[in-house]
Novice: 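Right, I'll just put the structure down here and ask away after.
All of these numbers come straight from a predicted model, not from anything done at the bench.
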Amino acid sequence: MKIKLKETALNKKNYSLYKLAQELKLPQQTVYSWAKGRTQPSYYNLDRICDILECKIEDILEAEPVQNKLF
């Protein structure tokens, strides 16, 4: 799954990732790590993000296309 955290925060609430981290009461590094795709938020934190940004999970997560693999 691809996460569109930075875009969603900016579009929904005009929040920077830093402001979102403050609202979540989490380290800034954690939120930046999610935004860069290094790690993913737990379902609990996804729910908290949606509450803060007043959005749906679909607004944050984007399914990546499945690549055809040759066997």
Side-chain angles (χ1 to χ4, degrees):
M1 295 296 263
K2 182 179 177 187
I3 190 161
K4 301 182 297 182
L5 192 56
K6 184 176 183 178
E7 299 87 351
T8 305
L10 190 60
N11 292 336
K12 294 290 184 177
K13 287 282 196 161
N14 202 27
Y15 279 5
S16 65
L17 291 177
Y18 176 75
K19 173 69 174 168
L20 181 59
Q22 287 181 321
E23 292 291 321
L24 290 166
K25 295 179 176 54
L26 290 173
Q28 180 180 346
Q29 182 178 356
T30 300
V31 176
Y32 276 79
S33 183
W34 295 340
K36 292 191 183 262
R38 287 186 287 227
T39 60
Q40 291 191 352
S42 66
Y43 291 115
Y44 172 74
N45 282 323
L46 275 174
D47 191 47
R48 291 177 60 211
I49 292 167
C50 289
D51 286 343
I52 290 169
L53 298 180
E54 299 174 1
C55 68
K56 298 177 184 173
I57 289 180
E58 296 87 37
D59 296 331
I60 299 171
L61 298 179
E62 180 180 311
E64 295 183 58
V66 177
Q67 296 178 353
N68 294 330
K69 294 183 180 180
L70 299 174
F71 292 97

Novice: Hey, could you give me the CG/SG distance between Asn45 and Cys50, rounded to the nearest 0.5 Å?
Specialist: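 SG of Cys50 is found 11.0 Å from CG of Asn45.
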Novice: State, with a plain yes or no, whether a side-chain heavy atom of Lys19 is found less than 4.5 Å away from one of Asn14.
Specialist: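 No; the side chains remain at least 4.5 Å from each other.
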Novice: Please report the interatomic distance CD(Gln28) to CG(Leu20), rounded to the nearest 0.5 Å.
Specialist: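 The CG atom of Leu20 is 11.0 Å from CD of Gln28, to the nearest 0.5 Å.
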Novice: Hey, any chance Tyr43 and Ile49 share a hydrophobic cluster, counting ILVMFWY side chains that come within less than 4.5 Å of each other, even indirectly?
Specialist: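 Yes, it is one cluster - the side chains of Tyr43 and Ile49 are joined through contacts under 4.5 Å.
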Novice: Applying side chain to side chain contact (heavy atoms under 4.5 Å, CB included) to Ile3 and Thr8, what does each step give before you reach the verdict?
Specialist: CA-CA 9 Å; Ile3 190 161; Thr8 305; over 6 Å; no
Novice: To the nearest 0.5 Å, how far apart are OG in Ser16 and CD in Gln22?
Specialist: 7.5 Å
Novice: Do Tyr18 and Val31 come close enough that some side-chain heavy atom pair is under 4.5 Å?
Specialist: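 Answer no - side chains too far apart.
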Novice: Could you state the interatomic distance from CG (Leu46) to NZ (Lys56), rounded to the nearest 0.5 Å?
Specialist: 15.5 Å
Novice: Distance from Trp34 atom CH2 to Ile60 atom CD1, nearest 0.5 Å?
Specialist: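 Rounded to the nearest 0.5 Å, the CH2-CD1 separation comes to 9.5 Å.
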Novice: Report the C-alpha distance between Lys4 and Asp59 in whole Å, list the side-chain angles of each, state the deciding distance to 0.1 Å, and finish with yes or no for salt bridge (charged side-chain N to carboxylate O under 4.0 Å, His left out).
Specialist: CA-CA 8 Å; Lys4 301 182 297 182; Asp59 296 331; over 6 Å; no
Novice: Give a yes or no on whether a salt bridge exists between Glu54 and Lys13, defined as a side-chain N under 4.0 angstrom from a carboxylate O.
Specialist: yes
Novice: In Å and rounded to the nearest 0.5 Å, what is the CG to CG distance from Leu5 to Leu10?
Specialist: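 Here the interatomic distance stands at 11.0 Å.
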